[in-house]
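See below for the structure under consideration.
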Amino acid sequence: MLLKVENLDVYYGAIHALKGISLEVNEGEIVTLIGANGAGKSTTLNTICGLLRPRSGRITFQGQALNGLPAPAIVKLGISQVPEGRRIFPNLTVKENLELGAYLRRDREGIRRSMQDVFRRFPRLEERQKQMAGTLSGGEQQMLAIGRALMSRPKLMLLDEPSMGLAPLLVQEIFNIIKEINQQGTTILLVEQNANMALSVAHRGYVLETGRITLQGKAAELAVNAAVKKAYLGG
Ligand code: ATP
């Protein structure tokens, strides 16, 4: 098992956002977390990567406790997040954004190779490497955010709503890329409102409702579950 989250409780002031969340991600999997707006999906990812502190509960990655570690230390251990809304640096070039993804690495030659890998995967980023990232299209910005996360060579990638705001064809393209990245060895925890797409690429899934996991199982089983269909798959 790569990641284990046990009984996580997270608050924003008086708001109890996560109420005893437990989940597991095994090496090589794509696991998806689906749920409506405000269910606590982003909060879960932000707690795993150290941006939020849980009030109680335990997070372990490759057997090591993450609780209390600062976010950069968690990146160094091999967890990298692609945040909701991409959060690229609009006034830096594409190349500079990618370089920032490797800011904790010191192996120059390795960084150069990672950059080449990213450019091989995303030729459009290579063509636009000197362009200001803020002038990229939405789909290109999502590719840049994924590329930036890959620059830290993560074992586990946390992806927050990669399909948000993208046209259907681009959504398909981004999900194909997610599958490829997984097939090449990166484990993925994927948060999505587009439950159809998420369940089509994932191995397993968890359904989150107002801070609690209400259902879990194989993605193929969740996709045909009557309650999931009714609430998240449009009937
Ligand atoms: P969405 O799909 O809309 O992004 P989500 O499932 O990712 O939703 P979260 O963003 O994790 O949900 O929010 C969970 C709950 O915590 C919501 O009720 C939200 O209003 C609340 N919340 C999130 N961030 C904050 C914050 N900074 N301060 C106060 N409450 C917050």
Side-chain angles (χ1 to χ4, degrees), residues 3-25 30-59 61 66-68 70-71 74 79-88 138-139 141-142 145-146 148-149 154 156-168 170-171 174-175 178 187-202 204-217 219 222-223 225 227-235:
L3 179 80
K4 185 167 186 161
V5 171
E6 296 165 276
N7 295 316
L8 213 57
D9 275 280
V10 177
Y11 288 76
Y12 295 102
I15 296 170
H16 195 175
L18 298 187
K19 302 166 183 160
I21 296 281
S22 297
L23 60 89
E24 289 169 7
V25 182
I30 300 180
V31 173
T32 186
L33 207 53
I34 58 182
N37 283 115
K41 305 182 297 297
S42 300
T43 302
T44 304
L45 294 194
N46 287 334
T47 309
I48 293 168
C49 74
L51 296 175
L52 290 171
R53 298 264 165 248
R55 174 134 349 146
S56 58
R58 217 173 121 78
I59 305 173
F61 181 66
L66 298 187
N67 295 51
I74 293 174
I79 300 181
S80 173
Q81 180 164 208
V82 182
E84 185 171 354
R86 354 258 198 236
R87 303 285 177 92
I88 48 122
Q141 289 189 18
Q142 186 62 61
I146 293 172
R148 183 180 56 188
L156 173 66
M157 188 183 272
L158 310 177
L159 270 161
D160 198 346
E161 305 262 6
S163 77
M164 202 210 277
L166 300 184
L170 269 175
V171 171
I174 292 289
F175 275 90
I178 293 169
T187 304
I188 291 175
L189 179 55
L190 168 69
V191 155
E192 261 295 342
Q193 283 203 40
N194 188 336
N196 258 319
M197 285 304 284
L199 290 172
S200 76
V201 298
R204 289 190 304 115
Y206 293 87
V207 175
L208 198 53
E209 274 175 50
T210 56
R212 287 195 174 86
I213 305 269
T214 53
L215 265 176
Q216 57 182 290
L222 289 177
N225 177 289
V228 173
K229 276 169 120 171
K230 185 156 181 281
Y232 305 106
L233 303 176

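The model shown is predicted, which means the values in this text are computed figures rather than measured ones. When a ligand or atom number is given, it counts from 1 through the structure's own listing order.
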Report yes if the side chains of Gln142 and Ile146 come closer than 4.5 Å at any heavy-atom pair, otherwise no.
-> yes
Close side-chain approach of Asn225 and Leu215, heavy atoms under 4.5 Å = yes
For Arg58, enumerate each residue passing the salt bridge (charged side-chain N to carboxylate O under 4.0 Å, His left out) test, keeping only those at least two apart in sequence or located in another chain.
-> Glu6
Who passes salt bridge (charged side-chain N to carboxylate O under 4.0 Å, His left out) against Glu209, sequence neighbours left out?
-> none
Going by heavy atoms in the side chains, are Pro162 and Leu190 under 4.5 Å from each other?
-> yes
Contact residues of ligand 1 with a heavy-atom cut-off of under 4.0 Å?
-> Tyr12, Ile15, Ala17, Ala36, Asn37, Gly38, Ala39, Gly40, Lys41, Ser42, Thr43, Glu84, Glu161, Gln193
Excluding sequence neighbours, so at least two apart, what forms side chain to side chain donor-acceptor pair (under 3.5 Å) with Gln141?
-> none
